[in-house]
**Q** 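Let me give you the structure first, and then I'll get to my questions.
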Amino acid sequence: MFEEIKNQIAQRINEFCLQNGLPTGKVEFRNIPFSGEWGMAAPFFPLAAADPNKTGPVPQYAQVLAERLKEAIGLPTGFTRSEAVRGYLNLYFDTALYAAGVVDQVNKQGPQFGNAKPTGESVMVEYSNPNTHKPLHVGHLRNVILGGSVCNILEASGQKVVRANYIGDIGLHVIKWMCNYEMYHSGEQPGKDKMRWMADLYSEADRRFHEQEGFEETVRAYFARWDSGDEHIHDLWLKTRQWSMDGFAQVYELLGEHFDRIYFESEVEDSGKVLVASLIESGIATDGRPENPVIVDLDAILGTKEEYRVAVVLRSDGTSLYATKELPLAIMKFTEYDLDESIYVIDVRQSLHMKQMKKILELMGFPWAKNIQHLAYEIVNLPGNVIMSSRDGTVVLLDDLVREATQRALDVVREKNPELDPTIMQDVAQKVALGAIKYPMISRENTKIVTFDWESALDFNGQSAPYIQYANVRANSILRKAEDLEESPATFAYQLEPSEVNLIELLSKLPDEISKSAKDLKPSILAGYAYDLAKAFNDFYNQCQVLKAEGEVRNSRLALVQAARTCLEKTLNLLGIQAPQVM
RNA sequence: GUCUCCGUGGCCUAAUGGAUAAGGCACUGGCCUCCGAAGCCAGCAAUCUGGGUUCGAAUCCCAGCGGAGAUACCA
């Protein structure tokens, strides 16, 4: 917005510097901290500090320079006044022109507003990565929401995104589950709620494994049968895995997530073992079997000390590990898709492993290895720094949380809006509940721990998704009642209220906010913006009449409300949160 | 031991090195005859410590303190 004008002024400042023997490139514009009116400001401290002929201390000299520049520049078109104050040169925009420019642009572009031009780059984002035969809990939710939101944001910033999900469909947890099933639940079928049923059987199996005499040995024997290719177990595995996948599908649908490519751990196990063999052959890996595992001594190879450490790529008994499978998977991704970047949304505790994988792939000579990026996020724990553990029974199941939140939201909707159709009520309650659950997961820095507690999770007030959804509903309500949405463009040719200026300013920032959060892979930036926007709208709503205003004021404000709704809905959607029409 | 991350009002969180550190929760008081009170307004209260870099530091560097995590056959 107004880039050309900024450039023109920057040009004139440069000319001034050249004419007066001052260094160039030291002056940059920023926004003035909002004070009822808006414009742009240039601090002159860097220029003052860089001038070899400066007179007096920097702050004072900056003020002198600001004053001289004020005279030299005069008042460019599009501005109403300028001032030199405390070392800054402030230029104030012509409010009507600026306002109309922003609002028209939003309304013209609609939901496309804020999107960047296609970059031609393609990126894969691997996220969710659940284990079959196990439940999904709130900790997993952060991964899904974060990953999904990052995908949305990258798409809006012009990249082609492949959403990938890497499913842990083999391993001890699966064997445990199946063994328990065959011994105690043979022939049983999951009910409608497959996820819950699978989860219950998993905790039962896990409990037996740790508590029941002899069960662990039985499971080990069962594992051996599986390893030797027992057909019956293989069939059972396919069948039960599908039950889990069906359960996941239900959750993804509920959360509004979809994937373009599903990878199974079982898919890459064999190729992983082959790959390790070639690593040994090429001298990258050291085979310590049968006493020791196959390792890649990265510190020894790279000459580093306690930095990359030792990566174990195959167990001493020849069975595969996480790392064994990770390597061929990375290769498969880059062969299947022409990726410019491969992002892994994995919790921070696996940072070293990710670093090792990337380095091993580099050592193997893959030029794309440098384009692997680990998006590390902190875990979700419980108050008192208690880590969620299915063994200790401290997990908060996704299912329970969603059900409870939806019930709570339904109570509120029923109270606020009793005349709503029950079906719509249910739909609204779910959107509000899911929003409330998702928002805390993405509204803080990826590297900060989220502490889950029921009270704040079910609080629909304050800085929360329902607050943002509510602002959107209010905007929607005005527009619905307006009926006569004007096609004549808004002029804003009247004395704007500060709250209007503030709201318009925020609207104009959306493209910037999207590109910032895409660049840093931080949905939290957009989450904060969404709240600021909603707050600005509520402020406007409180201070300015729309429907009861007349003429130009009404016309312009209606256009503003429409633009605000567009931006609110757009931002919520990028965060993976739905915006109900009423609530 | 080594490495990584975190340290901002009572609690939680924000601030491309830039103007008076911004919000939420909780607490106190006010606002529905007015486009939807899941809202608005007002009040209370903060940068872990010590150095350094800089015209300017919550932000960058160093040291310390406190918390969390990782550190060869879990993922």
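What's counted below: heavy atoms across the whole structure, side chains too, no hydrogens, waters or symmetry copies.
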**Q** Measure up the A/Phe540 and A/Phe537 rings against each other and bin them: parallel (under 30°), tilted (30 to 60°), perpendicular (over 60°).
**A** tilted
**Q** Sequence neighbours excluded and cut-off under 3.5 Å, please list the side-chain donor-acceptor pairs for residues 313-321 of chain A, or say none.
**A**
unit_1	atom_1	unit_2	atom_2	d
A/Arg315	NH1	A/Thr319	OG1	3.0
A/Arg315	NH1	A/Ser320	O	3.1
A/Asp317	OD1	A/Thr319	N	3.0
A/Asp317	OD1	A/Thr319	OG1	2.6
A/Ser320	OG	A/Glu269	OE2	2.9

**Q** Under a 4.0 Å N-O cut-off, is there an ion pair linking A/Lys70 with A/Glu83?
**A** no
**Q** Provide the Watson-Crick or G-U wobble partner of B/G1, both distances under 3.5 Å; none if there is no partner.
**A** B/U71
**Q** Determine the interatomic distance between C1' on B/C35 and the same-named atom on B/U28; round to the nearest Å.
**A** 31 Å
**Q** For B/C35, what is the paired nucleotide under Watson-Crick or G-U wobble rules, both distances under 3.5 Å?
**A** none
**Q** Scan every strand shown for a Watson-Crick or G-U wobble partner of B/C55, both distances under 3.5 Å, and answer none if you come up empty.
**A** B/G18
**Q** Is the distance between the ring centroids of A/Tyr531 and A/Tyr467 less than 6.0 Å?
**A** yes
**Q** Could you work out which one of B/A72, B/G39, B/C55 sits closest to the side chain of A/Val58?
**A** B/C55
**Q** Could you tell me the separation between the CD atom of A/Glu419 and the P atom of B/G36, rounded to a whole number of Å?
**A** 12 Å
**Q** The side chain of A/Lys535 is closest to which nucleotide in this list: B/C73, B/G23, B/A19?
**A** B/G23
**Q** Using Watson-Crick or G-U wobble geometry with both distances under 3.5 Å, which nucleotide pairs with B/G9?
**A** none
**Q** Please list each protein N or O that sits under 3.5 Å from an N or O in nucleotides 12-18 of chain B, with the distance.
**A**
unit_1	atom_1	unit_2	atom_2	d
B/A14	OP1	A/Glu445	N	3.1
B/A14	OP2	A/Lys448	NZ	2.8
B/U16	O4	A/Arg30	NH1	2.9
B/U16	O4	A/Arg30	NH2	2.8
B/G18	O2'	A/Tyr88	OH	2.7

**Q** Need one value for A/Val473: base, sugar-phosphate or nothing, where a base atom within 4.0 Å counts as base even if backbone is also close, heavy atoms only.
**A** base
**Q** For residues A/Glu500 and A/Tyr494, is any side-chain donor paired with an opposing acceptor at under 3.5 Å?
**A** yes
**Q** Is the NZ or CZ atom of A/Lys509 positioned over A/Tyr529's six-membered ring, under 6.0 angstrom from the centre and within 45° of the axis?
**A** no
**Q** Quick check with a 6.0 Å cut-off and a 45 degree axis cone: is A/Arg241 positioned over the face of A/Phe264's six-membered ring?
**A** yes
**Q** Report the base-pairing partner of B/A46 (Watson-Crick or G-U wobble, both distances below 3.5 angstrom), or none.
**A** none
**Q** Name the closest nucleotide to the A/Lys548 side chain, picking from B/A72, B/C34, B/G24.
**A** B/C34
**Q** Please check if the distance between the ring centroids of A/Tyr88 and A/Phe45 is under 6.0 Å.
**A** yes
**Q** A/Arg86 has a side chain; which of B/A19, B/C35, B/G69 sits nearest to it?
**A** B/A19
**Q** With both distances under 3.5 angstrom, what nucleotide forms a Watson-Crick or G-U wobble pair with B/G29?
**A** B/C41
**Q** For A/Lys355 and for A/Gln581, find the nucleotide of RNA chain B with the closest heavy atom, then tell me which residue's nucleotide is more 5'.
**A** A/Lys355
**Q** Taking only the side-chain heavy atoms of A/Asn538 (C-beta and beyond), determine which of B/G39, B/A72, B/G23 contains the nearest atom.
**A** B/G39
**Q** A/Leu547 side chain: which of B/C35, B/C40, B/A19 is closest?
**A** B/C35
**Q** Nearest to the side chain of A/Arg349, which nucleotide is it out of B/A70, B/G39, B/G36?
**A** B/A70
**Q** Any N or O donor-acceptor pair under 3.5 Å from the base of B/G1 to the side chain of A/Glu306?
**A** yes
**Q** In whole Å, I'd like the distance from the CG atom of A/Asn385 to the P atom of B/C11.
**A** 16 Å
**Q** Residues from residues 315-326 of chain A sitting under 4.0 Å of RNA chain B, heavy atoms only?
**A** A/Arg315, A/Ser316, A/Leu321, A/Tyr322
**Q** Between A/Ile346 (CD1) and B/A70 (P), how many Å, whole number?
**A** 15 Å
**Q** Distance alone, cut at 3.5 Å: any donor-acceptor contact between the side chains of A/Asp169 and A/Ser266?
**A** yes
**Q** Select one nucleotide: of B/C41, B/G36, B/C6, the one nearest the side-chain heavy atoms of A/Asp539.
**A** B/C41
